Amino acid sequence: MSETMIRPEARTLVLNSADNIGVALSNLDVGAQTPQGVAIVRRVPKGHKFALRAIMPGEAIVKFGQIIGFATEAIPPGDWVHEHNCGMGGADGTLKHDYAFSEGAVAPEMIPLEQRAMFQGYRRANGKVGTRNFIGILTSVNCSATVAKFVADAVNRSGILDDYPEIDGVVPFVHGTGCGMESRGEGFDILKRTQWGYTSNPNLGAALLVGLGCEVFQIGRMKEMYGISEGETFQTMTIQERGGTKRMIEWGVEKVKEMLPVAAAARRETVDASHLTLALQCGGSDGYSGITANPALGYAADILVRNGGTAILSETPEIYGAEHLLTRRAVSREVGEKLISRIHWWEDYTQRNHGEMNNNPSPGNKLGGLTTILEKSLGAAAKGGTTPLTAVYEYAEPVTEKGFVFMDTPGFDPVSATGQVAGGANLLAFTTGRGSAYGCKPVPSMKLATNSDMYARMTDDMDINCGDIVEGVSIEEKGQQIFDMLIEIASGKRTKSEELGYGDNEFVPWQVGATM
């Protein structure tokens, strides 16, 4: 993690010998002397940065051994480094990275099949394996959202699920689009991929797809596109075709009742970890995220990859400024260039919408110590570990490659995770420094606290505390702890977010394009 890591009891941390800033591990008051021999000249909040030496205007500010911004004024040693004196652009207002590409990244040494980690999962007919066994009710359009909720509520409140302990619940996946949109193009394609991706996610034992009937997103068209046949685990219907709201609810409840014994026939069986596809997420990041939870999760992702599994890094706006490190890990120039093409798409997308990439970090991120998107991204990318980048996917595309992959998604957590689940993720790990309140259905979400203070405040929401890394616990030890818990969760152990009941409102497909 660090070339010059200070003793656990020290109040500051220097992450790389090339850095010209340090990180405060506690509030540093004016006059405080740091272990580096620097006297603090302006109060530095916990998790924030201070100058290790004089930094001239326009000079690069370096953390993790990488540029996180440029001084907008002269910064004396011991000064607080944040928005007031650190900006994105260099002398010419830009920052250009060298997008070098590997000549073929070296594959990690794989663990032999007989020695791989094992978990208890639901094997599906198509060979995929689920970690949960839900019945889903999806909607083609917002106009059918209420009916979907009524159907799910009727089943969940009826008590009938008590007779089917193998069923984790009936979940309505509703959204706010499906009409008033083009019937072709990016927006339509994203919704199409998302809907079919959820329907075919291995954590669903069965699914209904309900619509209104006259919407742009026609169910029949999707079934034709994907060659979908209805059967005992997949049924569709529209409110208009069925004859109104009450009849549609009655139909939906009866269909779910028919599906229950079929889905409940699934039993957990022992399978190896190559059947796990892990979605990597971070939200409410802080100055500790790139030091503790993210690199520890990255270490766990490396273990999963060596076990033959898949880890999906996403949130393209939150790897902006770190993408040059990922291109060097790509298995081919084609994979690296596909990543850069998505970066350029985002630059154009934000410009068209009168924004900029540095609009991210959020106010909460900045309060927690993050200054620029470059700094945030360098920490966020650590979730991806160290293994080669094997593929780059567009939002909600089916993830078919094994190993470490990237999916282009927004940084907004529910939208990003929705794309990953649609791509086939059956497990999710979520790091947070500020304390994000998040859960996901049908995929269990493990929450990792980046600092001990927040973990203590929100212990009912957090599954693992990674804050003890700055107190002496190694990245490797914490990463192994994360991986071991992921295996337990995949086998049925409930996460804190599951115990709290999160997940009913976190299905949020990415809306791109005009609403018409």
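None of these values were measured; they are calculated from a predicted model.
Side-chain contact between Ile464 and Met446 is present, with at least one heavy-atom pair separated by less than 4.5 Å. Contact check for Phe404 versus Pro388: no side-chain heavy atoms found under the 4.5 Å cut-off. In this structure the side chain of Met407 never reaches within 4.5 angstrom of the side chain of Glu394, judged on heavy atoms. At least one side-chain heavy atom of Leu208 sits under 4.5 Å from a side-chain heavy atom of Met259. The shortest distance between side-chain heavy atoms of Leu13 and Ile291 falls below 4.5 Å. Between Phe217 and Val141 there is no side-chain heavy-atom pair separated by less than 4.5 Å. Residues Met222 and Leu209 meet the side-chain proximity criterion, which asks for heavy atoms closer than 4.5 Å. Between Phe406 and Ile319 the shortest side-chain heavy-atom distance falls below 4.5 Å.
Partners of Asp29 under the salt bridge (Lys or Arg N to Asp or Glu O under 4.0 Å) rule, at least two apart in sequence or in another chain, are Arg43. For Asp302, there are no salt bridge (Lys or Arg N to Asp or Glu O under 4.0 Å) partners at least two apart in sequence or on another chain. In this structure, the side chain to side chain donor-acceptor pair (under 3.5 Å) partners of Arg342, at least two apart in sequence or on a different chain, are Asp408.
The environment of CZ in Arg267 is crowded: more than 12 heavy-atom neighbours from other residues, nucleotides or ligands sit within 6.0 Å. More than 12 heavy atoms of other residues, nucleotides or ligands lie within 6.0 Å of CD in Glu499, so this atom counts as buried by the packing criterion. For Lys493, the NZ atom is loosely surrounded, since the number of other residues' heavy atoms within 6.0 Å does not exceed 12. The local environment of OH in Tyr164 is crowded, with over 12 non-hydrogen atoms from other residues, nucleotides or ligands closer than 6.0 Å.
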Going through the checks in order, is the side-chain contact (heavy atoms from CB on, under 4.5 Å) test met by Phe173 and Gln195? CA-CA 9 Å; Phe173 296 107; Gln195 294 280 35; over 6 Å; no
Verify salt bridge (Lys or Arg N to Asp or Glu O under 4.0 Å) between Arg306 and Glu109, making sure each step is shown before the conclusion. CA-CA 6 Å; Arg306 291 199 302 273; Glu109 184 177 350; over 6 Å; no
Set out, in order, the CA-CA distance, both residues' side-chain angles and the distance that settles salt bridge (Lys or Arg N to Asp or Glu O under 4.0 Å) for Lys441 and Glu498, then state yes or no. CA-CA 9 Å; Lys441 290 179 182 176; Glu498 287 181 294; over 6 Å; no
Determine, step by step, whether Asp504 and Lys149 satisfy the salt bridge (Lys or Arg N to Asp or Glu O under 4.0 Å) criterion, reporting the C-alpha distance in whole Å, the side-chain angles of both residues, the deciding distance to 0.1 Å, and the verdict. CA-CA 10 Å; Asp504 289 333; Lys149 288 182 177 180; over 6 Å; no
Side chain to side chain donor-acceptor pair (under 3.5 Å), that's the test. Do Lys49 and Thr371 meet it? Break it down for me. CA-CA 9 Å; Lys49 301 171 291 295; Thr371 302; 2.8 Å; yes
Do Tyr393 and Val405 pass the side-chain contact (heavy atoms from CB on, under 4.5 Å) test, and can you show the C-alpha distance, the side-chain angles, and the key distance before you say yes or no? CA-CA 8 Å; Tyr393 296 96; Val405 305; 4.0 Å; yes
Output, in order, the C-alpha distance, side-chain angles, deciding distance and verdict of side-chain contact (heavy atoms from CB on, under 4.5 Å) for Ser497 and Asp461. CA-CA 6 Å; Ser497 65; Asp461 291 77; over 6 Å; no
Asn203/Thr131 under side chain to side chain donor-acceptor pair (under 3.5 Å): CA gap, chis, key distance, verdict: CA-CA 6 Å; Asn203 284 12; Thr131 64; 3.1 Å; yes
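The closest side-chain donor-acceptor pair between Thr292 and Asn451, if any, does not fall under 3.5 angstrom. For the 3.5 Å distance criterion, the side chains of Thr277 and Asn426 fail to qualify, holding no donor opposite an acceptor. Residues Trp345 and Glu186 have side chains that bring a donor and an acceptor to within less than 3.5 angstrom of each other. A donor atom on one side chain and an acceptor atom on the other are not found under 3.5 Å apart for Ser416 and Asp413. Judged by distance alone, the side chains of Asn353 and Thr350 never bring a donor and an acceptor atom under 3.5 Å apart. Under 3.5 Å, the side chains of His175 and Gln511 contain no donor-acceptor pair of N or O atoms. Side chains of Thr431 and Asn294: a donor on one and an acceptor on the other come within 3.5 Å. Side-chain contact of Arg124 with Asn201: a donor-acceptor pair under 3.5 Å is absent, judged by distance alone. Judged by distance alone, the side chains of Gln281 and Ser314 never bring a donor and an acceptor atom under 3.5 Å apart.
A distance of 13.5 Å separates CD in Gln480 from CD1 in Ile475, rounded to the nearest 0.5 Å. Taking NZ from Lys447 and CG from Leu500, the interatomic distance works out to 8.5 Å, rounded to the nearest 0.5 Å. Within the model, atoms CD of Glu315 and NZ of Lys376 stand 7.5 Å from one another, a figure rounded to the nearest 0.5 Å. The CG atom of Leu28 sits 7.0 Å away from the OG1 atom of Thr12 when rounded to the nearest 0.5 Å. Separation of atoms OG1 (Thr450) and CE (Met462) is listed at 9.5 Å; rounding is to 0.5 Å. Between the CG atom in Leu339 and the CD atom in Glu323 there is a gap of 7.0 Å [rounded to 0.5 Å].
For the side chain to side chain contact (heavy atoms under 4.5 Å, CB included) with Leu304, the qualifying choice from Leu276, Leu486, Leu427 is Leu276, the only one to do so. Here the rule is side chain to side chain contact (heavy atoms under 4.5 Å, CB included) with Ser452, and of Val470, Ile469, Asn465 only Asn465 fits it.
For Trp80 and Phe50, the distance between ring centers is not under 6.0 angstrom.
Across all non-hydrogen atoms, the minimal contact from Val473 to Lys478 is CG1-CE, 4.1 Å. In terms of heavy atoms, Gln420 sits closest to Leu280 at NE2-O, 3.3 Å. Between Ile482 and Ala300, the closest heavy-atom pair is CG2-CB, 3.8 Å. The shortest heavy-atom contact between Gly368 and His48 is C-NE2, 3.8 Å. Residue Pro172 comes nearest to Ala152 through the heavy atom pair CD-CB, 3.6 Å, listed as atom of the first residue, atom of the second, then distance. Here the closest heavy-atom approach between residue Thr432 and residue Met454 is recorded as O-CE, 3.1 Å.
Below 30°, between 30° and 60°, or above 60°: for Trp346 and Tyr349 the angle between ring planes is above 60°, a perpendicular geometry. Using cut-offs of 30° and 60° on the angle between ring planes, the pair Phe507 and Tyr198 is perpendicular.
In this structure, the side chain of Ser436 engages the main chain of Gly283 through a donor-acceptor pair within 3.5 Å. No donor-acceptor pair closer than 3.5 Å links the side chain of Thr390 to the backbone N or O of Gly403. Of the possible donor and acceptor atoms, none in the side chain of Asp168 sits under 3.5 Å from a partner among the backbone N and O of Arg132.
Residues Lys63 and Glu375 are paired through a salt bridge, judged by an N-O separation under 4.0 Å between the basic side chain and the carboxylate.
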